[in-house]
Q: 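Mind having a look at this structure? Questions to follow.
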Amino acid sequence: SAKYSTQYSQWVYEKPTDVSALETKIDKAWADLAAASASKKAVLEDELAKHLFAEQTRLLAGQHADTFETCSAWATVQNAFLQSPSPIGSIDEAQGHLSLLESHASEKATFTSSVVASLKTLGKDILGRKYQSSLSSYTFEHPDEIKSRESTIDAQWAELETLRATRLSNLNAALAREVRKEDLRLEFADMAGDFARFVNETLLHLGNTEEQVALCGSSLEEVVAYGRQIEKEDASAVAALDSKKAAYLAVAKEMESLQCHDNPYSDLSVDKLAQLRGSLDGSLASRKATWDHEHKEQVINDTLCKQFADAVIPLARTVDKNTAEVLDTKAKPEEQLAVVNRLLAAGDSDYASIATAKSLEQQIHQRKIAINVHTTLRIGEIETGIALLKQILARKKPYLEKVIEYTLYKGISPEQYREMEAMFKQYDKDNSGSINARELRTCLYSLGEERSKAEIKQYMTEFGRGNELPFEPFRELMVRLLGDAGNEAAILESFQVITRGQTNITVAILSDLLSAEDSTFITTTAPALDGGYNYAAWVADVCAR
């Protein structure tokens with residue numbers, strides 16, 4: 001663009017294209033230089049960035065290595081702990097070791113969540129780090145180291161978990177064993193105590209020899225019953241003892257297998273329990289021997305008592321039978337008198353075996369037998385019964401004779417009775433054993449007892465059998481007609497005979513001797529006296545009318 005121009009002349013550079021070409025060349029060179037500089041700068045900056053990134057990665061790898069060492073060292077310590085011996089002799093010790101293991105697990109969880117997690121995070125970051133540009137790229141040169149460290153830690157942690165699980169299983173087993181040992185100690189103490197109590201209570205129940213003799217009873221039946229009882233008791237006791245022994249021996253055997261030799265809950269041992277069993281077995285045998293002796297004695301006593309009963313019971317029955325026969329008032333007086341005469345004639349012949357019975361009773365007294373289960377009878381009772389029977393016979397014979405005489409004559413004399421019999425035969429012309437109404441009236445007339453036809457007809461109706469009057473009804477009629485004429489003294493004497501001298505007469509006696517009508521007449525008209533009736537006052541009143 002340079003140009004010289006005056007009024008005189010002008011000039012321009014004659015090779016302007018060369019200049020432009022040169023400037024263009026320079027501009028190009030400068031541009032090339034600038035481009036090369038920029039390219040070089042980019043390369044250098046990229047290299048610097050890559051080196052910085054690599055250095056940071058290596059620093060992280062160093063941290064990773066340090067963390068690995070920390071984890072590995074911790075794992076080594078824990079490995080030693082988990083493999084260390086853990087002697088256990090009690091539940092407390094087992095629980096203490098389990099508590100330590102739990103603390104270890106808690107510490108491991110904390111360590112894992114912090115330090116190991118940091119290691120894994122670093123490893124992941126390192127392995128994930130990558131420098132990448134258009135000029136270059138970079139990843140960590142030793143990724144296997146990172147992976148190896150983490151694999152090592154994983155292996156150590158797995159081993160720790162295996163060791164922990166093994167230790168936990170062993171400790172739980174040890175705790176269970178200690179719990180079982182404790183249970184066995186308590187179980188054995190309970191069983192031993194129960195066994196000892198059973199033995200002592202059974203010994204107390206057995207009592208001493210004197211008590212055992214008393215329990216046997218006082219008769220053969222009681223001794224035999226007691227024998228059955230003790231047989232059942234012995235069988236029950238032996239069965240219970242055997243069962244209890246089998247149970248505590250099983251516990252003792254298990255304790256031995258677990259090497260459980262101490263028991264703070266009981267001072268009883270298997271040997272001591274065996275001694276207690278021996279003591280009870282001896283007492284049971286002693287009681288059996290006592291029973292055997294008592295049984296033998298009671299067999300002798302029972303035989304003697306039975307012999308006495310066999311002798312005395314027939315005697316008592318004979319006395320009772322004879323007494324009952326004598327006291328039987330239902331039979332006719334003639335029959336009662338026949339019994340009395342028969343027994344008086346027999347004398348003591350019915351009681352000949354009393355001597356044997358006396359001898360047996362004396363032996364019973366000598367053996368001090370208080371109760372005879374075969375009979376409650378005593379010789380004294382039999383002798384008393386015989387004596388009483390003899391007294392009754394002695395009193396009843398004259399009484400019955402008087403009653404018979406009174407019943408037969410009822411207020412008339414025997415002579416009058418015989419006259420009455422002769423008179424009947426006198427008017428019984430045909431010896432038929434009966435008289436008719438006309439003959440009866442004639443008979444009474446001859447005795448001064450004049451009766452009208454109506455009265456004779458009434459007598460025939462009351463006493464006769466149709467138109468005939470046999471001797472027995474005739475006698476009854478005559479006794480009534482003539483007996484009524486008895487005086488007061490005779491009537492009183494009759495009552496005294498009937499009542500055996502008592503001052504009153506009972507309904508029972510009246511019913512035996514009189515008709516219901518006559519008995520009712522007396523009981524409704526006689527004054528009461530001592531549970532009966534005052535016959536003396538009644539006779540006086542009747543005779544005074």
Side-chain angles (χ1 to χ4, degrees), residues 193-247 273-321 351-386:
D194 178 63
F195 187 90
R197 281 191 298 274
F198 182 84
V199 169
N200 291 330
E201 288 172 0
T202 304
L203 287 172
L204 183 63
H205 172 71
L206 293 178
N208 55 37
T209 301
E210 183 178 349
E211 292 169 334
Q212 291 169 5
V213 170
L215 288 172
C216 282
S218 58
S219 69
L220 179 60
E221 182 180 6
E222 291 176 348
V223 172
V224 171
Y226 185 63
R228 288 193 292 266
Q229 176 185 331
I230 66 174
E231 184 177 354
K232 290 180 181 179
E233 288 180 357
D234 289 357
S236 176
V238 170
L241 289 169
D242 289 344
S243 175
K244 294 176 187 294
K245 178 181 178 181
L273 293 176
Q275 291 174 3
L276 285 173
R277 172 65 184 272
S279 173
L280 180 55
D281 287 342
S283 295
L284 290 174
S286 176
R287 180 174 72 165
K288 181 60 168 59
T290 299
W291 180 85
D292 287 340
H293 176 267
E294 286 301 305
H295 180 256
K296 181 179 179 181
E297 288 297 303
Q298 284 301 331
V299 167
I300 297 173
N301 290 351
D302 187 74
T303 300
L304 184 60
C305 288
K306 191 172 186 309
Q307 289 174 345
F308 174 75
D310 290 342
V312 78
I313 289 175
L315 280 172
R317 288 174 180 169
T318 299
V319 173
D320 290 343
K321 173 179 171 296
Y351 319 116
S353 61
I354 196 168
T356 300
K358 281 185 176 181
S359 174
L360 291 169
E361 186 176 64
Q362 185 177 5
Q363 295 178 53
I364 289 173
H365 292 327
Q366 290 173 349
R367 291 187 65 83
K368 299 180 179 179
I369 300 172
I371 299 174
N372 186 339
V373 298
H374 297 288
T375 182
T376 58
L377 293 170
R378 297 292 182 267
I379 289 298
E381 297 174 24
I382 303 301
E383 291 178 329
T384 300
I386 293 172

Q: Go through the steps for Asp302 and His374 under the test side-chain contact (heavy atoms from CB on, under 4.5 Å), then give the verdict.
A: CA-CA 8 Å; Asp302 187 74; His374 297 288; 2.7 Å; yes
Q: Who pairs with Arg197 by side-chain contact (heavy atoms from CB on, under 4.5 Å), at least two apart in sequence or on another chain?
A: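 Partners of Arg197 by the side-chain contact (heavy atoms from CB on, under 4.5 Å) criterion, ordered by chain and then number, come out as Asp194, Glu201.
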Q: Which pairs pass salt bridge (Lys or Arg N to Asp or Glu O under 4.0 Å) with one or both residues in residues 207-226, sequence neighbours excluded?
A: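 Passing the test, one end in residues 207-226: no pairs.
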Q: Which distance, rounded to the nearest 0.5 Å, do you find between the OG1 of Thr318 and the OH of Tyr351?
A: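 It comes to 7.0 Å.
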Q: Measure the CD1-OG1 distance between Ile379 and Thr384 for me, rounded to the nearest 0.5 Å.
A: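 OG1 of Thr384 is found 10.5 Å from CD1 of Ile379.
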Q: For Asp310, check side-chain contact (heavy atoms from CB on, under 4.5 Å) against everything at least two apart and list the hits.
A: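 Applying side-chain contact (heavy atoms from CB on, under 4.5 Å) to Asp310 gives Lys306.
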Q: Are side-chain heavy atoms of Glu381 and Val319 found at a separation under 4.5 Å?
A: no
Q: Of all residues at least two apart in sequence or in a different chain, which pass the salt bridge (charged side-chain N to carboxylate O under 4.0 Å, His left out) check with Lys296?
A: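 Expected list: none.
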Q: Quick check against the 3.5 Å criterion: does Ser286 have a side-chain atom that pairs as donor or acceptor with the backbone of Gly282?
A: no
Q: How many angstroms lie between atom CD1 of Ile364 and atom CG of Leu304, to the nearest 0.5 angstrom?
A: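 These two atoms lie 4.5 Å from each other.
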Q: Looking at Tyr226 and Gln212, what are the two nearest heavy atoms and their distance?
A: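 Here Tyr226 and Gln212 meet closest at CE2-O, 4.2 Å.
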Q: Mark yes when over 12 heavy atoms from residues, nucleotides or ligands other than Ile371 sit less than 6.0 Å from its CD1; otherwise mark no.
A: no
Q: Determine whether Leu206 and Ile230 make a side-chain contact, defined as any pair of heavy atoms from C-beta on separated by less than 4.5 Å.
A: no
Q: List for me each residue that meets salt bridge (charged side-chain N to carboxylate O under 4.0 Å, His left out) alongside Lys245, sequence neighbours excluded, and say none if there are none.
A: none
Q: With sequence neighbours left out, what residues match Arg378 under salt bridge (charged side-chain N to carboxylate O under 4.0 Å, His left out)?
A: none
Q: Side-chain contact test, heavy atoms from C-beta onward, threshold under 4.5 Å: evaluate it for Ile300 versus Arg367 and give yes or no.
A: yes
Q: Can you name the residues that form a side-chain contact (heavy atoms from CB on, under 4.5 Å) with Ser353, not counting sequence neighbours?
A: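 With neighbours one apart ignored, the set is Leu315.
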Q: Can you tell me how far apart CD (Gln307) and OG1 (Thr356) are? Round to the nearest 0.5 Å.
A: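 Rounded to the nearest 0.5 Å, the CD-OG1 separation comes to 10.5 Å.
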Q: Name all residues meeting the ring-ring contact (aromatic ring centres under 6.0 Å, His included) criterion together with Phe195; count only those two or more places apart in sequence or in a different chain, and write none if there are none.
A: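 Partners of Phe195 by the ring-ring contact (aromatic ring centres under 6.0 Å, His included) criterion, ordered by chain and then number, come out as Tyr248.
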Q: Using the rule given for side-chain contact (heavy atoms from CB on, under 4.5 Å), can you reason through Thr202 versus Val199, listing the C-alpha separation, both sets of side-chain angles and the distance that settles it, and then say yes or no?
A: CA-CA 5 Å; Thr202 304; Val199 169; 5.9 Å; no
Q: Pairs of donor and acceptor atoms involving the side chains of residues 233-242, under 3.5 Å and at least two apart or interchain, shall be tabulated with distances.
A:
from, atom 1, to, atom 2, distance (Å)
Glu233, OE1, His205, NE2, 3.3
Glu233, OE1, Arg287, NH1, 2.8
Glu233, OE1, Arg287, NH2, 3.2
Glu233, OE2, His205, NE2, 3.3
Glu233, OE2, Gln229, NE2, 2.9
Asp234, OD1, Arg287, NH2, 2.7
Asp242, OD1, Arg277, NH1, 3.1
Asp242, OD1, Arg277, NH2, 3.0

Q: Which residues pass the side-chain contact (heavy atoms from CB on, under 4.5 Å) test with Gln298, not counting sequence neighbours?
A: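 Result, side-chain contact (heavy atoms from CB on, under 4.5 Å) vs Gln298: Leu220, Val223, Asn301.
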Q: What's the separation between atom OG1 in Thr290 and atom NZ in Lys288, rounded to the nearest 0.5 Å?
A: 10.5 Å
Q: What's the spacing between Leu204 CG and Ser283 OG if we round to 0.5 Å?
A: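 The distance works out to 11.5 Å.
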Q: Could you work out, with salt bridge (charged side-chain N to carboxylate O under 4.0 Å, His left out) as the rule, every residue matching Glu231, not counting sequence neighbours?
A: none
Q: Filter on ring pair (Phe, Tyr, Trp, His ring centres under 6.0 Å), then keep only pairs touching residues 283-315, sequence neighbours left out; what's left?
A: Trp291-His295
